[in-house]
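Below, read A as the first sequence line, B as the second, and so on, with proteins coming before strands; counting in each chain starts at 1. Computed from heavy atoms alone, side chains included, the values below leave out hydrogens, waters and symmetry copies.
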Protein chains: 2
Amino acid sequence: MSNAPLLNDRLLRALRRQPVDRTPVWLMRQAGRYLPEYRATRARAGSFLAMAKNPDIACEVTLQPLRRFDLDAAILFSDILTIPDAMGLELCFVEGEGPKFKHPVTSEREVARLGVPDMETDLRYVMDAVRASRRELAGKAPLIGFSGSPWTLACYMVEGGSSKNYARIKAMALNQPALLHRLLEINADAVIAYLAAQRAAGAQALQVFDTWGGVLSPAMYREFSLPYLQRIAQELPRGEGEQRVPLVLFGKGNAAHLEALAATGTEAVGADWLIELSEAAQRVQGKVALQGNLDPAVLYGSPDAIRQQVRQTLDSYAQGNNGSREGHVFNLGHGMSPDMNPEHVGLLVDAVHEFSKR
Amino acid sequence: MSNAPLLNDRLLRALRRQPVDRTPVWLMRQAGRYLPEYRATRARAGSFLAMAKNPDIACEVTLQPLRRFDLDAAILFSDILTIPDAMGLELCFVEGEGPKFKHPVTSEREVARLGVPDMETDLRYVMDAVRASRRELAGKAPLIGFSGSPWTLACYMVEGGSSKNYARIKAMALNQPALLHRLLEINADAVIAYLAAQRAAGAQALQVFDTWGGVLSPAMYREFSLPYLQRIAQELPRGEGEQRVPLVLFGKGNAAHLEALAATGTEAVGADWLIELSEAAQRVQGKVALQGNLDPAVLYGSPDAIRQQVRQTLDSYAQGNNGSREGHVFNLGHGMSPDMNPEHVGLLVDAVHEFSKR
């Protein structure tokens with residue numbers, strides 16, 4: 001069965017730095033609790049994990065925001081921690097505490113036991129969700145697949161969940177760097193296989209979330225996060241020419257490392273809101289597309305404030321990119337929150353298109 | 001009654017960028033729960049707030065780390081939220097949730113009601129703690145007084161406590177910027193009066209903690225945090241020449257703003273660990289001293305790892321400062337955590353002195 005032709009290729013063109021009629025926009029965590037229809041689906045499914053592990057429900061939730069808003073991409077509804085879960089760490093969610101692993105990785109023996117999961121058995125539910133979402137989208141917009149970064153996965157795997165100061169993994173980085181590198185190599189192998197499988201299943205763009213790269217000092221980032229992002233950018237097979245599936249390396253707190261990220265071989269870099277997009281664009285010098293970077297909290301602002309901030313973000317990019325809007329994918333600098341107003345999201349999406357019309 | 005002569009002036013000399021025999025060192029939150037004697041005092045006092053509000057106990061706790069370690073400064077044991085507490089917001093601590101205000105500031109009317117507290121009545125307990133600590137230190141090391149920054153105080157005042165995404169205050173910044181500026185002006189007036197009173201009571205250096213400046217986009221930082229830090233640096237009276245009480249502007253996530261901070265008129269800037277000290281030193285061009293910036297999590301490392309990281313931090317500063325170690329105060333990039341090992345702290349302090357001997 002072949003998929004429908006893509007009717008809106010703005011995202012893919014912008015990620016390749018090709019001209020588009022208006023700047024494409026999607027929002028991190030656009031499929032989420034701020035949508036009443038999402039909450040209804042979740043209530044029926046029982047839990048976040050039950051939703052993510054059921055391909056039909058994951059597909060339904062992936063499409064929900066595109067029914068409401070004029071978004072230029074869908075992003076697969078899933079979790080960044082599916083890989084370690086499939087490695088046997090057993091992911092669970094404790095209300096109010098975020099993700100936890102029942103079996104965190106704390107010793108050499110536990111690292112030695114880890115292996116790359118089989119993508120079409122252990123992680124079949126993700127690939128089925130990709131296939132279902134791609135089919136249901138019917139070419140309306142491209143589907144983005146994603147993964148956590150090797151470092152960010154390792155944070156959760158070693159800490160056993162969210163962390164305040166990353167004591168365990170930083171102690172490992174300081175005291176057993178070779179062990180941590182072994183873990184990161186396995187994670188990188190798994191991420192590459194995972195993203196390749198999502199591409200094979202139909203994902204048209206791929207994003208790596210290095211959510212916790214920004215907790216590292218520059219020296220530690222260059223040792224423990226960057227080389228593995230580079231491996232992904234170099235080794236992930238993603239086709240050639242117009243068939244090439246573009247890769248986005250997003251990282252919270254990656255402002256200090258934009259030049260290095262632009263040199264990895266990735267097609268695009270995602271930035272958070274702590275850097276002026278004009279500066280980011282100047283620093284990557286047209287080597288990659290940029291995705292970002294409005295402070296998500298702007299969605300708490302009034303309609304006028306949102307429109308003004310959207311315009312500033314678009315103009316900031318152009319200012320740093322020799323006056324051109326090409327090579328920009330509009331997004332937030334981080335994910336949306338459950339208490340945000342859906343009407344504000346629609347307004348933001350429309351403002352991006354209105355203000356960026358060529 | 002006059003105070004004893006200062007026997008260790010390394011901190012003050014380094015903050016003035018004068019030569020010293022070795023790099024001075026103190027650690028943010030050096031008086032804290034990682035010390036058994038602190039936990040014992042706290043158990044007797046009943047709570048953090050009871051300790052901070054009792055000048056004798058605050059003095060005792062201020063001195064505790066200096067009895068164990070060869071630290072070059074004491075920092076007053078207190079809280080950054082004493083000012084809004086004295087304004088009537090009523091500070092309390094909920095176990096596991098951090099600081100809370102019983103009466104957060106959410107409306108124009110509530111902002112209009114705020115005033116600068118009287119330092120020798122409403123905040124007398126702080127001034128008494130400064131006087132007691134200065135007396136007890138007996139010149140062994142200088143005493144640092146401190147305050148939260150206007151923006152950081154406003155975050156807690158508007159959010160009512162710690163926050164995940166600063167929804168309320170960012171909404172105020174977007175929708176009612178004039179109201180937020182009124183609040184920030186009052187805070188700045190109060191901070192200036194508070195630090196001036198601490199100086200009058202005997203504090204020999206002063207630090208402003210802009211803990212949450214780093215959650216702002218560059219444009220919002222320049223509008224809502226920086227101008228008030230600048231006002232403090234400009235308007236806070238602190239004496240002349242060798243009598244001048246130096247000011248340190250510390251901020252988490254301030255790497256993007258070092259040049260601007262160095263141009264405020266402050267004597268020193270404190271940096272977190274997300275910037276290479278060599279780069280920070282190059283960027284401030286000798287206009288200010290720099291304080292920082294080891295990742296606190298390094299204290300979870302082995303003794304060898306700690307010593308190596310201390311050496312790297314010292315050398316990084318010198319590398320960016322034309323090969324000279326002058327103008328550097330060694331510190332962590334953020335506060336210590338309760339689960340840290342006191343022996344590692346001693347080892348770190350000694351390593352700083354050993355490796356920086358002129």
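For the set Pro296(A), Ser217(A), Ser316(A), Pro218(A), the entry with the most heavy-atom pairs within less than 4.5 Å of chain B is Pro218(A). Taking Ser302(A), Ser337(A), Ala305(A) one by one and counting their heavy-atom pairs under 4.5 Å with chain B, the maximum is reached by Ser302(A). Each of Ile306(B), Val215(B), Asp339(B) has some count of heavy-atom pairs under 4.5 Å with chain A, and the biggest count is that of Val215(B).
Note that OH of Tyr228(A) is 13.0 Å distant from CG of Asp210(A), once rounded to the nearest 0.5 Å. One distance of note links CD of Glu259(A) with CZ of Arg283(A); it measures 4.0 Å at 0.5 Å rounding.
Contacts between Ile275(B) and chain A at a heavy-atom distance below 4.5 Å involve the backbone alone (N, CA, C, O). Contacts of Leu299(A) with chain B are absent, with no heavy-atom separation under 4.5 Å from either backbone or side chain. The contact between Asn165(A) and chain B is made by backbone and side chain atoms together, counting heavy-atom distances below 4.5 Å. For Asp295(B), the part lying under 4.5 angstrom from a heavy atom of chain A is the side chain only. Of the atoms belonging to Gln309(B), it is side-chain heavy atoms, and not backbone ones, that fall under 4.5 Å from chain A. Residue Leu294(B) does not touch chain A at all, counting heavy-atom pairs closer than 4.5 Å.
Within 6.0 Å of atom CZ in Arg325(A), more than 12 heavy atoms from other residues, nucleotides or ligands are found, so the atom counts as buried in its surroundings.
Only one option out of Asn187(A), Leu183(A), Val158(A) pairs with Leu153(A) in a side-chain contact (heavy atoms from CB on, under 4.5 Å); it is Asn187(A). Test Thr211(A), Leu180(A), Leu229(A) against Trp151(A) for side-chain contact (heavy atoms from CB on, under 4.5 Å) and you get one pass: Leu180(A).
Using cut-offs of 30° and 60° on the angle between ring planes, the pair His328(B) and Tyr317(B) is parallel.
Within the 3.5 Å criterion, the main-chain N or O of Trp26(B) finds a donor-acceptor partner in the side chain of Asn331(B).
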